[in-house]
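Here's the structure we're looking at; comments come further down.
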Amino acid sequence: MLLFFTLGLLVHVVFFASIFDIYLTSPLVHGMTPQFTPLPPPAKRLVLFVADGLRADTLYELDANGNSRAPFVRNIIMHEGSWGISHTRVPTESRPGHVALIAGFYEDVSAVAKGWKENPVEFDSLFNESKYTWSWGSPDILPMFAKGASGDHVYTYSYNAKREDFGTHDATKLDTWVFDNVKDFFHAARKNQSLFSKVNEEKIVFFLHLLGIDTNGHAHRPSSREYKDNIKKVDDGVKEIVSVFKQFYGNDGKTAFIFTSDHGMTDWGSHGAGHPSETLTPLVTWGAGIKYPEIVSAQQFDDNFLKEWRLENWKRRDVNQDPAFQVTYKLTFSIVYKPRSAPHLQADIAPLMASLIGVPFPLNSVGRLPVDYLNGTDHFKAESVFTNAVQILEQFKVKMAQKKEVTLPFLFTPFKFLSDSEQLNILRKARSYIKQGKFDEVVSLCEELIDLALKGLSYYHTYDRFFLGINVVIGFVGWTSYVSLLIIKSHSNLTRDVTKEVKKPSCLLLCSFGAIGILVAVFLLIQACPWTYYVYCLLPVPIWYAVLRQFQVIQDVVASLLTFPLSRFVGFLLVFTLGIEVLVLSFFYRCMLTAGLIAFAGWPFLTQLWTQAKITSLSWTFFSLLLAMFPLMPVVGREPDISLVMGAGLLVLLLSLFVVTSLIKRKNSLVKEELLVHLLQMLSTVLSMYVVHSTHSSLFKKQGLPLMNQIVSWATLASSLVVPLLSSTILFQRLFSILLSLMSTYLLLSTGYEALFPLVLSCLMFSWIHMEQELLHQSGVSCKQKLTSTQFSYNTDIAQFRQLCLDDIRRAFFLVFFLLTAFFGTGNIASINSFDLASVYCFLTVFSPFMMGALMMWKILIPFVLVMCAFEAVQLTTQLSSKSLFLIVLVISDIMALHFFFLVKDYGSWLDIGTSISGLPASSCKSSKYETKRKSSNLSLWHSLDPKSLS
């Protein structure tokens, strides 16, 4: 058994790790030569304002009185610079957004393992290429660019992380701190000769990260007065800083300004997915090298924003997504090229800033220079685009060389659209056009080269995906087959007794698989493959050897199936397949959980249960239908409703009173102890209700989280893990004690209807236990103990365990289905976006990503614990070996895992990627006004813990 467990753990760890190794490796390469525009740049210095969490519509639109919330920025749009919408790429998080803006590439998923605070891989950035960079803002954003910089020329000034409090402080103070420190910095520079000389150098950058808007958006929602007032505060601050720069540099006209945002925010105060309110951010540029406003009579866009914002006559220059191709993988792992929708992305701002101050383009940048923003000569624009193309081509060449070096020559398949001769031809032609003054042709030719280079980068990045995927699938199919044979051999009557005897394996079989393993290892060794390739390719060898050792079992199974009626066999196979597909679909469509629960509600009427146990059957049907309502309710975008949390608490108290009354009527020496435990748990429930109401009231008044409430919350959480152990071991009393303890914690983590979910789920679990007991009576299996006396500590003799039957497959299916319902009944584990940040406000309000994430995860796990406890009770009452049931659940889960392996995405939001990795259902977003205006170019990775939002 130990060997089986070890092998199973190894197989599943390898299978899960292979997803990251095959689909989600870092695309970055190193060893490129820096590229910069040879002509003099238009600006000596750059000022970058990033208003974290700022939506485009909230900045550009006018208020009810027809006035702008940001009059200074609007004046820039009309009289000094260029403007547009920056279409950010999902995931719309702070770190990926800033990496795209400043480094020019899109953050890979491995950053989540370090809480978005550390660099999983080293990368180049605009700050690193600058002569000096000074930055002010959040301690969660600034250090990642300073750490990756070479030398000591990136200076950061951050406030204390405790200032990022969602409950007490006015978040606008975060932005005020930045503006005040920038003004103090220039005041000090006048008195410090060393600093004065540095800030008067060329190719320098000033970065102001403004977190207040994002913090107010999470705490109060984007429609709140606090969020909108913060925009006015930022506008005033930007105006002051621009004035400071003009005064300090004598209005020399050599400063370029860029004002933008890393991401937007939904109406309910979250971000991370691809909703237009999250992906549409403002972009306003002015100063040296930037085009002046262009008055136009008409503009063609697929939305009505210009009219709504009253900016129809000022040319809008959007930074969108380019019609480059996108690689996805179908069931066969074949490459499919999908055209993207429109010309540039947020990462294109990085080459724009590099061109303005004349520094080398960030080495890892995949951004395309938005030429339309530049105010230089056509020659300067052509040289800049040419530099951009060569810089991306350098990455392609390094990537190709790396892959070619570790692949046998006769197996290497180069990217045919960009051969060495084609590269030289395009570069020579572009350089010739520059000499001839055909600058428009240069731009077109270089954009074509960028397209091909990006396609080639993607091609080589996914070069081994088919090979590795096939090996992993072969190994996992072998493992699932082995477990199935083990179930049939040890826990069923389908095989003859002789097959249960251990036979000496055939020497020929052993030698054959040994030879296969040696050949595979030699092949990998010749190609100098990484050690993980050996694991993926060699693991199937021993697994399939173990499968073929059970050849006699396979023969017996085939012989047994031949005696089985064909129609019945096909029927069972179809039902099993349908059940698996329903489970898989429920990972993506939560309504499938509702459909399944409705089907479960009718189950008693298809059996004799209805005639023999009407009350039990009716309770099962009622609670199944009641639970079926939860997956249909919204998981995002809902307003907190504390009254529902209070209502859930009152229902728990009423149920407790009923149990306490029944205990008092019993005459038992242990009643007093049991009664005391239940009274303590009722008190804990009352305290939880008080803390929820008190905390909500205190935060509404902006008085912060009361210390006593915080202490009670953490004490309740700790006691909920211990108090159930003090209760009686009688099955129903122990289950009810677990429910009471966990409900106290769940109430503290609830903001609305979800507080009722564990209570309804537990009622259904109690009904399930009764239903299985009734079915056992019908099947003729004698039960030595009644439910009222069955104890969790009851040790069943192995001789009393029975063999598996078809009904046990249904029980295992019920367990998997109820686990999915527990996980996704009120939210989406793939995305913290599905859970309101206010859920943890009873425990803490100061930003702490791992602590907040752990609390939210525990909220998800509480229903899971309730289902597992109920299943343990089912296993005890049905006298079935837990090992056999576990193996059936394992087979069902592994078959589902194979589905998801072919559905993994390496593009889209963390929600998309996480959904595809773990098969977690994508929650539908609540409609907002953006949805009726424009379809997002992105479909809504694991949406994980953003250092600002955890949304």
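- Separating the CD1 atom in Ile738 from the OG atom in Ser762 is a distance of 10.0 Å, to the nearest 0.5 Å.
- Heavy-atom neighbours of Met629 CE from other residues, nucleotides or ligands within 6.0 Å: at or below the threshold of 12.
- Side-chain contact between Val652 and Met682 is absent, with no heavy-atom pair separated by less than 4.5 Å.
- In this pair, His218 and His271 present their aromatic rings tilted. The plane angle is within the 30 to 60° band.
- Every side-chain hydrogen bond (donor to acceptor under 3.5 Å, both in side chains) that Thr685 has, sequence neighbours left out, goes to Ser744.
- Panel note: side chain Lys859, backbone Leu749; a donor-acceptor pair is recorded below 3.5 Å.
- The main-chain N or O of Phe824 is found under 3.5 Å from a side-chain atom of Arg590 such that the two form a donor-acceptor pair.
- Remark: Thr716 OG1 to Leu721 CG distance equals 11.0 Å, nearest 0.5 Å.
- The aromatic rings of Trp620 and Trp603 sit perpendicular to each other, their planes meeting at more than 60°, with 30° as the lower class boundary.
- The NE2 atom of His220 sits 9.5 Å away from atom OG1 of Thr215, with the distance rounded to the nearest 0.5 Å.
- No donor-acceptor pair under 3.5 Å is formed between the side chain of Ser694 and the backbone N or O of Tyr690.
- In this structure, Gln681 contributes its side chain and Ser737 its backbone to a donor-acceptor pair below 3.5 Å.
- Phe818 and Phe814 have perpendicular rings, their planes meeting at more than 60° on a 0 to 90° scale where under 30° would count as parallel.
- For CD1 of Ile615, the number of neighbouring non-hydrogen atoms (other residues, nucleotides, ligands) closer than 6.0 Å is 12 at most.
- Stacking of Arg811 on the aromatic ring of Phe813 is not recorded, the 6.0 Å distance cut-off and the 45° axial limit not both being met.
- Of all heavy-atom pairs spanning Leu861 and Phe823, the tightest one is CD2-CE2, 4.0 Å.
- For Ser713, the side-chain hydrogen bond (donor to acceptor under 3.5 Å, both in side chains) criterion is met by no residue, not counting sequence neighbours.
- Partners of Asn230 by side-chain hydrogen bond (donor to acceptor under 3.5 Å, both in side chains), not counting sequence neighbours, listed by chain and number: Asp175, Asn216.
- Within 6.0 Å of CZ on Phe605 lie more than 12 heavy atoms contributed by other residues, nucleotides or ligands.
- Arg734 is not listed as a side-chain neighbour of Ser728, based on a closest heavy-atom distance of 4.5 Å or more.
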